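Indexing begins at 1, ligand by ligand and atom by atom, following the structure's order. When a residue number appears, it is its place in the shown sequence, counting from 1. Since the model is a prediction, treat every value here as computed from it, not as a measurement.
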Amino acid sequence: MAERVGFIGLGIMGKPMAQNLTEAGFDLTVYNRSPEKAEELGEAGATVAASPREVAGNSDVVITMLPDSPQVREVVAGEGGVLEGIREGSLLVDMSTISPVVTEEIAEAAKEHGASMLDAPVSGGDVGAIEGTLSIMVGGEEEDFERAKPLFEAMGKTVTHVGPVGAGQVTKAANQVVVALTIEAVSEALVLGSAGGVAPEKILDVLSGGLAGNKVMEVKREKFLSHSFDPGFRSELHHKDLGIALAAGREYGVVLPVTAIVDQMFEALMARGRGGWDHSALLTLVEDLAQREMQ
Ligand code: NAD
């Protein structure tokens, strides 16, 4: 019999991911803290549950896609949470980006209930979630990975088993370091070039063709050029992810000096009230520091 799937957290990422699972024919039960988003999936054929516990009671595999470690802890292990409803042999799949340490803690709690866990954070942004082309990096046991693979394939294009529980989150932290530092580098290049009289479009066109070319320039091009920073990926979430990377670096004894600077840049962006803007809005902070707008 096909697995019954539960999905909790229907935000920018979770909603289209859940939609792709419904479209692939999975029998889905959903829950979101603000119920309107769950209702929309209800109209698309999913069962709407009243609590994470009810989702777990209805499902063989429970997926969570929540903002950060405290929300995953609350939804899984809190009152009315997943663990209250989960059955022996069920599989919990956390696709949020959270701390690898909290991941291991939750996997242990799931084990006590006879359930297993995968951490399966994603990259590819809202566009990848909508198009079902996410990159999914998975930590956990091989047999659990094989069990969840058909679900991952409905949501993503590149699905990789990277190691034991927690390894998915470590890989995601590495990914977030590269993306943040690249946004900062592109922002500095744009403000520098524009101050020297070169049009930002030309800078992006020319740099894209050489060693400096990167996906940030391609995917965030319109946001940079139009200065419209609707998310996408919120700056406060990227700040959270650099915190995860810095904490992991501290734990493993790895120095991450430039990550620390960009983490502080995001802190400054949030202090200016721009935490809800797309992470490409780091450009506006570089502009503030230079006291000139890119044009
Ligand atoms: P979001 O804020 O849009 O969505 C989070 C959802 O969780 C919301 O619908 C919210 O109502 C729900 N929620 C929050 N707290 C809850 C609780 N206690 N109980 C039940 N529901 C609760 O965030 P998002 O952009 O969809 O990101 C989700 C995760 O995916 C984050 O960990 C983020 O870092 C990661 N991520 C996001 C992107 C992106 O481009 N947006 C890309 C890759 C990874």
Considering non-hydrogen atoms of the protein only, which is the closest contact for atom 14 (C) of ligand 1, and what is the distance?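 Nearest neighbour among protein heavy atoms for atom 14 (C) of ligand 1, to 0.1 Å: R33 NH2, 3.4 Å.
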
Distance to 0.1 Å, residue and atom name: give those for the protein heavy atom nearest to atom 36 (N) of ligand 1.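 Answer for atom 36 (N) of ligand 1: F233 CE1, 3.9 Å.
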
Under a 4.0 angstrom heavy-atom cut-off, which atoms of ligand 1 come close to [X]?
X: K240; value: 31 (C), 32 (O), 33 (C), 34 (O)
X: D126; value: 40 (O)
X: S34; value: 11 (O)
X: V75; value: 17 (C), 18 (N), 19 (N), 20 (C)
X: M65; value: 29 (C), 30 (O)
X: E74; value: 18 (N)
X: Q71; value: 15 (N)
X: L10; value: 9 (O)

Would you say ligand 1 has an N or O under 3.5 Å from any N or O of [X]?
X: R234; value: yes
X: V122; value: no
X: Y31; value: no
X: G11; value: yes
X: G125; value: no
X: N32; value: yes

Assess whether side-chain contact (heavy atoms from CB on, under 4.5 Å) is satisfied between E108 and M117, documenting all intermediate values. CA-CA 9 Å; E108 211 38 57; M117 177 173 172; over 6 Å; no

State which residue, out of [options], fulfils the side-chain contact (heavy atoms from CB on, under 4.5 Å) condition with [X].
X: V75; options: V62, I8, L83, D94; result: I8
X: F152; options: V93, I63, T158, V122; result: V93
X: L242; options: V179, L256, V262; result: V262

Can you spot which of R292, H227, Q295 makes a side chain to side chain donor-acceptor pair (under 3.5 Å) with E287?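 Filter result, single survivor: H227.
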
With D278, the side chain to side chain donor-acceptor pair (under 3.5 Å) member among H238, K223, K220: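 The single option meeting the side chain to side chain donor-acceptor pair (under 3.5 Å) with D278 is K220.
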
Would you give the length of the straight line joining atom CD of E39 to atom OG of S34, rounded to the nearest 0.5 angstrom?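 Between E39 CD and S34 OG, I get 11.5 Å after rounding to 0.5 Å.
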
Hey, does [Y] have a side-chain heavy atom less than 4.5 Å from the side chain of [X]?
X: M95; Y: M155; value: yes
X: R221; Y: E201; value: yes
X: V48; Y: E43; value: no
X: V5; Y: S59; value: no
X: K157; Y: L134; value: no

Specify side chain, backbone, both or neither for M13, according to which of its non-hydrogen atoms lie closer than 4.0 Å to ligand 1.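 It is both parts that get close, each with some atom under 4.0 Å.
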
Contact check, M95 vs ligand 1, heavy-atom distance below 4.0 Å: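 No; M95 lies far enough from ligand 1 that no heavy-atom distance drops under 4.0 Å.
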
Hey, is K172 one of the residues with a heavy atom under 4.0 angstrom from ligand 1?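 Yes, K172 has heavy atoms under 4.0 Å from ligand 1.
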
Per atom 27 (O) of ligand 1, closest listed option by heavy atom (I12, I244, L237):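 Shortest heavy-atom distance from atom 27 (O) of ligand 1: L237.
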
For atom 7 (O) of ligand 1, tell me which residue out of D241, T97, L66, V127 has the closest non-hydrogen atom.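 Shortest heavy-atom distance from atom 7 (O) of ligand 1: L66.
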
Go through the side-chain N and O atoms of D119 and T103 and say whether any donor and acceptor fall under 3.5 Å apart.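 Per modelled atom types, D119 and T103 side chains form no pair under 3.5 Å.
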
